[in-house]
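Below is one structure, written out as structure tokens; the observations come after it.
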Amino acid sequence: MEKKKNKKKKPYVMPQDQLTRTTGWLGTIFLATVAALFILVGGVMLFVDGIKELYLIYMISALLIALGIGLIVKYFVTEAYRSMHDYGFSGGALIVILGGCALARAGQLATQIAAFVGLLVLAVAVVMLQQAMQLHIMRKKVWTVVLAISLVTLLSSVLLLFDIRSVTGKVTGFEYWVLLISGVLTLLCMLISGIGVKIFLHQEHDELLRMQKEQQLSLERDADQKRLESTMKKIEDESESREC
């Protein structure tokens with residue numbers, strides 16, 4: 001009984017591949033959720049009468065707070081505190097504070113709704129740009145499609161941020177159309193990138209198996225060669241002993 005009490009429980013260490021998978025899934029789920037909210041909010045603001053910009057600010061503020069809390073939770077769930085270079089907790093706390101400030105100043109921000117939407121769309125465009133570069137590194141031809149989508153989304157966010165009336169003023173509810181379409185394009189890019197990465201990993205796995213098989217065959221050939229040389233040497237030794 002004393003030995004059992006003296007035993008210390010070893011700390012749990014999450015394997016690196018499991019940590020990567022968990023982080024990746026959480027990021028994918030979050031991005032898909034953001035895209036769905038873009039579509040929902042854009043659709044509501046465009047096609048439902050009586051919805052004010054103030055309500056949109058409330059929704060976006062709540063989204064920021066939820067995002068910050070999600071980053072903080074992910075920081076602990078994935079045990080990211082083991083890494084000296086992960087700032088998920090501080091980033092999450094900052095986003096929660098920004099969401100709270102936006103909620104407190106919702107009335108003033110409602111007058112700058114175009115710039116607010118532009119910032120959100122800009123963040124999504126940067127993510128799509130990373131997906132394009134990822135596919136380019138993997139040598140997938142569809143990377144040009146994702147790149148074109150990300151650049152169009154990026155241009156739309158710039159138009160909103162700089163309030164270029166010569167373009168935005170020609171379409172009623174331009175910022176909400178941008179929000180709606182960017183949500184759809186984000187989901188499309190996620191689908192394209194997911195398929196491209198899956199194909200790349202499958203090809204990489206097949207190549208690894210091929211190399212392992214070739215290495216195994218090479219080792220077997222070397223072993224056969226050594227056995228043949230050993231047999232030939234024995235035959236030579238026996239023939240020499242007979243001659244003697």
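Note that this is a predicted model, so its numbers are computed, not measured.
Nearest heavy-atom pair across Ile199 and Lys140 is CG2-NZ, 3.6 Å. Of all the heavy atoms in Gly92 and Leu71, the pair that sits closest is CA-CB, 3.8 Å. Contact record, Gly118 with Ser157: O-CB, 3.4 Å, taken as the closest heavy-atom pair. Residues Ala110 and Glu53 approach most closely at O-CB, 4.0 Å, considering heavy atoms. When every heavy atom of Ser61 is checked against every heavy atom of Gly99, the shortest pair comes out as CB-O, 3.6 Å. Across all their heavy atoms, Ser193 and Leu135 have their closest contact at OG-CD1, 3.9 Å.
Within the 4.5 Å cutoff, the side chain of Leu129 has heavy atoms near those of the Leu147 side chain. Between Val34 and Thr186, the closest side-chain pair of non-hydrogen atoms is not below 4.5 Å. A heavy-atom distance below 4.5 Å is found between the side chains of Leu209 and Gln212. Here the side chains of Leu31 and Gln131 are in contact, with some heavy-atom distance below 4.5 Å.
Atom CE of Met138 sits about 5.0 Å away from atom CZ of Phe200, to the nearest 0.5 Å. For the atom pair OG1 of Thr144 and CG of Leu151, the computed distance is 11.0 Å after rounding to the nearest 0.5 Å. Separating the CD1 atom in Ile181 from the CG atom in Leu188 is a distance of 12.5 Å, to the nearest 0.5 Å. To the nearest 0.5 Å, atoms CG (Leu103) and CD1 (Ile65) are separated by 5.5 Å. To the nearest 0.5 Å, atom CD of residue Glu175 and atom CG of residue Leu159 are 12.0 Å apart. Here the straight-line distance linking atom CZ of Phe38 with atom CG of Leu180 works out to 11.0 Å at 0.5 Å rounding.
Distance alone, capped at 3.5 Å, is enough to place a donor-acceptor pair between the Ser156 side chain and the Val152 backbone. With hydrogens and angles disregarded, a donor-acceptor distance shorter than 3.5 Å links the side chain of Thr153 to the backbone of Ile149. For the pair Thr111 (side chain) and Gln108 (backbone), a donor-acceptor distance under 3.5 Å is present.
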Begin with the C-alpha distance, continue with both residues' side-chain angles, and end with the deciding distance and a verdict on side-chain contact (heavy atoms from CB on, under 4.5 Å) for Trp143 and Gln134.
CA-CA 8 Å; Trp143 81 274; Gln134 183 181 18; over 6 Å; no
Hey, mind stepping through Val41 and Leu63 against side-chain contact (heavy atoms from CB on, under 4.5 Å) and telling me if it holds?
CA-CA 11 Å; Val41 172; Leu63 175 62; over 6 Å; no
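No single ILVMFWY cluster, assembled from side-chain heavy atoms under 4.5 Å apart, contains both Ile195 and Met190. Taken together through direct or relayed side-chain contacts under 4.5 Å among Ile, Leu, Val, Met, Phe, Trp and Tyr, Leu94 and Val96 form parts of separate hydrophobic clusters. If you chain together hydrophobic residues whose side chains sit under 4.5 Å apart, Val184 and Leu187 fall into the same group. Linking ILVMFWY residues whenever their side-chain heavy atoms come closer than 4.5 Å, directly or via other members, places Val117 and Val158 in the same cluster. In the hydrophobic clustering of this structure, Leu98 does not group with Leu54; members are Ile, Leu, Val, Met, Phe, Trp, Tyr whose side-chain heavy atoms approach within less than 4.5 Å, directly or through other members.
For Phe162, the CZ atom is loosely surrounded, since the number of other residues' heavy atoms within 6.0 Å does not exceed 12. Within 6.0 Å of the CD atom in Gln215, the count of heavy atoms belonging to other residues, nucleotides or ligands does not exceed 12. The number of heavy-atom neighbours closer than 6.0 Å to CZ of Arg139, taken from other residues, nucleotides and ligands shown, is 12 or below.
The aromatic rings of Phe47 and Trp177 sit perpendicular, their planes meeting at an angle over 60°, well past the 30° parallel limit.
Partner of Leu160 under the side chain to side chain contact (heavy atoms under 4.5 Å, CB included) criterion, chosen from Val178, Leu179, Ile113: Val178.
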